[in-house]
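Single-structure report; data block below.
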2 protein chains.
Amino acid sequence: MRILIVEDAQDMAEAVAIRLTRAGMACDLAGSCGEAHDFLAVQSYDVVVLDINLPDGMGTEVLQALRARADRTPVLMLTALFSVDDRVSALDLGADDYLTKPFDPRELEARVRALHRRESGQKAEELRLGALRFNPAAMSATRDGARLDLTRRELTLLALLMRNAGKTMSKERLYQGLFSFDDADVGLNAIELYIARLRKKLTGTGVVIETQRGLGYCLRATP
Amino acid sequence: MRILIVEDAQDMAEAVAIRLTRAGMACDLAGSCGEAHDFLAVQSYDVVVLDINLPDGMGTEVLQALRARADRTPVLMLTALFSVDDRVSALDLGADDYLTKPFDPRELEARVRALHRRESGQKAEELRLGALRFNPAAMSATRDGARLDLTRRELTLLALLMRNAGKTMSKERLYQGLFSFDDADVGLNAIELYIARLRKKLTGTGVVIETQRGLGYCLRATP
DNA sequence: TCTTCGACGATCAGGATGCGCATGGGATCT
DNA sequence: AGATCCCATGCGCATCCTGATCGTCGAAGA
């Protein structure tokens, strides 16, 4: 799950980011409307957490711009204001939820999760390919009922590939799914590393990861 | 198991909450339709106990709103009214069960449990894994007929794991089931603590709790 | 068709990180 | 008074990622 946090107060933003990251979400931080626009132009998110007061304008501008291009990404507004008008106008502009400061980070986490749940509508069915089964609910991959021993990164990578089985996934695309911008210093060959590990653990499953030189990787069943 | 109790009569609400809490359920209390909506926007519940008479409207509104967004959470209606019409309309709106006041708290507890069992697709009342047997109604776990001496939290945690045996349960997921919003300041490592205690008490039962670093915990029978 | 070169990908080992476990102790409930 | 519950802290180790080296593919030229 990919989250954009738009908040100018550094400490607040980081606290939130740490919390959500622990919860398994990949977070990007934007400190202003401008930055937010940049991020949103480049990357799509599952949920946007949006502060109203920003140094270069109101957060509602970001929301408006988003909705103006028919982007339905769930938005959670943060506000120090107590005014009912502000809340109402935020909701009218297409915000999906709001939270007034100060708030319990636990509550924020829960709301973000709720928004995502509402949006994705509980699409948790088992994926199959070859002798391999991937169960999103159990967070596990099995072969003939035997559970594959995968680490967190390996599992999310496999999930990405399974959901796009047969399609060529560029290294950048996989990178986006695995890391957040905070992991900015992570090299691209980290992907190659996890591909290699996955390949080893997938031997005998009737599933292989093909390398498409210069293009990316592709998961497919062996004939 | 996480329960939302929507009831404006303070004493009644608390009595129910205490009863269910003792039975190992994590309860949140809402005193009005508005509060109920807030809770439901943020947290998903296993069962909602819903009074019909609320200060700011009818409980059925909450039910309607819930079903309107395709939320199938089991709802148990409480009503002082004796009218058959009310019961019928409640059931038509998607309530799963109802109880007329005054009621025996034991009956409420049993019905809540039944609703949850039905929803989660559990066949038998008793759950078995390895040499371990768990009885949700009696809140007791036995091994070869000998009762394991578990505390309330330990039992609740075991219940969660037994119901999802074989699935990896994230620490956050377990947290949601164990604690209510009133326990807001409880840290995440409380989970680790109870896992450790449970593990000790489960030695010899043919059941182990596996740690999946960064992912969560998984209960399974030893081969 | 064969060769050569360049670039991309695979692999390995080692160090940093942070997760999960254990212990002790204080607070709260029975 | 006793049990239960939960926090704080420190340690050990699985995981993660880097950096460098080796392998390999493919295009261009003869």
Side-chain angles (χ1 to χ4, degrees), chain A residues 14 17-27 106 139 148-158 168-175 177-203 208-218, chain B residues 14 17-19 21-24 26-27 139 148-158 161 168-175 177-203 208-218:
Chain A
E14 282 179 8
I18 289 173
R19 170 105 208 157
L20 297 185
T21 303
R22 291 246 171 103
M25 312 176 188
C27 300
R106 214 185 307 281
M139 290 281 284
L148 296 183
D149 186 31
L150 301 178
T151 69
R152 187 161 57 104
R153 286 267 139 89
E154 288 162 359
L155 202 65
T156 53
L157 180 56
L158 179 60
T168 300
M169 300 288 285
S170 75
K171 218 183 290 188
E172 287 73 18
R173 181 93 180 279
L174 297 173
Y175 188 93
L178 272 181
F179 304 103
S180 72
F181 280 92
D182 288 343
D183 305 316
D185 46 353
V186 175
L188 258 186
N189 56 353
I191 299 295
E192 298 166 8
L193 196 143
Y194 286 113
I195 291 285
R197 290 197 184 152
L198 249 187
R199 272 208 254 248
K200 265 186 195 160
K201 296 189 180 180
L202 288 183
T203 50
V208 288
I209 304 174
E210 288 182 353
T211 301
Q212 313 217 299
R213 216 178 168 75
L215 294 172
Y217 299 92
C218 173
Chain B
E14 282 179 7
I18 289 174
R19 170 102 207 160
T21 302
R22 291 246 172 101
C27 300
M139 280 303 276
L148 295 182
D149 184 30
L150 301 178
T151 70
R152 185 163 55 87
R153 293 276 200 240
E154 288 163 359
L155 273 168
T156 310
L157 180 56
L158 181 59
L161 291 169
T168 300
M169 300 288 285
S170 74
K171 220 182 290 188
E172 287 74 19
R173 181 100 178 274
L174 296 172
Y175 189 96
L178 268 182
F179 302 103
S180 67
F181 282 112
D182 291 341
D183 306 313
D185 48 353
V186 175
L188 259 185
N189 56 354
I191 299 295
E192 299 168 11
L193 200 141
Y194 287 112
I195 290 285
R197 292 200 183 146
L198 248 187
R199 270 207 257 250
K200 268 184 194 157
K201 297 189 179 179
L202 288 182
T203 49
V208 288
I209 303 175
E210 288 183 354
T211 300
Q212 310 213 292
R213 197 165 253 262
L215 292 171
Y217 299 93
C218 174

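Quantities reported herein were computed from a predicted structural model and do not represent experimental measurements. Chain A is the first sequence line, chain B the second, and so forth, proteins listed ahead of strands; every chain is numbered from 1.
Here the side chain of Thr156(B) pairs no donor or acceptor atom with the backbone of Leu178(B) at under 3.5 angstrom. Judged by distance alone, the side chain of Lys201(B) and the main-chain N or O of Leu150(B) form no donor-acceptor pair under 3.5 Å.
Here the side chain of Val186(B) is nearest to one of dC6(D), dT18(D), dG20(C), namely dC6(D). When the nucleotides dC21(C), dC16(D), dC12(C) are ranked by their closest atom to the side chain of Leu193(A), dC12(C) comes out on top. Nearest to the side chain of Glu192(A), among dT11(C), dC7(D), dC16(D), sits dT11(C).
For dA10(C), the OP1/OP2 oxygens have a side-chain nitrogen or oxygen of Tyr217(A) closer than 4.0 Å. Contact annotation: Lys200(A) side-chain N/O to dA10(C) OP1/OP2 distance is not under 4.0 Å. Between Arg213(A) and dA27(D) there is no side-chain polar atom (N or O) within less than 4.0 angstrom of OP1 or OP2. The side chain of Arg152(B) contributes no N or O atom lying less than 4.0 Å from OP1 or OP2 of dT30(C). Contact annotation: Tyr194(B) side-chain N/O to dC6(D) OP1/OP2 distance is under 4.0 Å. Contact annotation: Thr211(A) side-chain N/O to dA10(C) OP1/OP2 distance is under 4.0 Å.
In this model, no side-chain donor or acceptor of Arg153(B) finds a partner on the base of dC5(D) within 3.5 Å.
For Leu215(A) and dG9(C), the CG to C1' distance is 13 Å, given to the nearest whole Å. Atom CD1 of Ile191(B) and atom P of dA8(D) are 16 Å apart (whole Å). When the P atom of dT21(D) is taken as reference, atom CG of Asn189(A) falls 14 Å away, rounded to whole Å. Between the CG atom of Leu150(A) and the P atom of dT15(D) there is a distance of 10 Å, rounded to whole Å.
Sequence order on DNA chain D of the closest nucleotides to Arg197(B) and Asp149(A) puts Arg197(B) first from the 5' end. A residue-by-residue look at Arg22(B) and Arg199(B) shows that Arg199(B) has its nearest nucleotide of DNA chain C further toward the 5' end.
Exactly one residue among Lys171(A), Met169(A), Glu172(A) makes a side-chain contact (heavy atoms from CB on, under 4.5 Å) with Ile191(A). That residue is Lys171(A).
The nearest pair of heavy atoms linking Glu154(B) to Leu198(B) is O-CD1, 3.8 Å.
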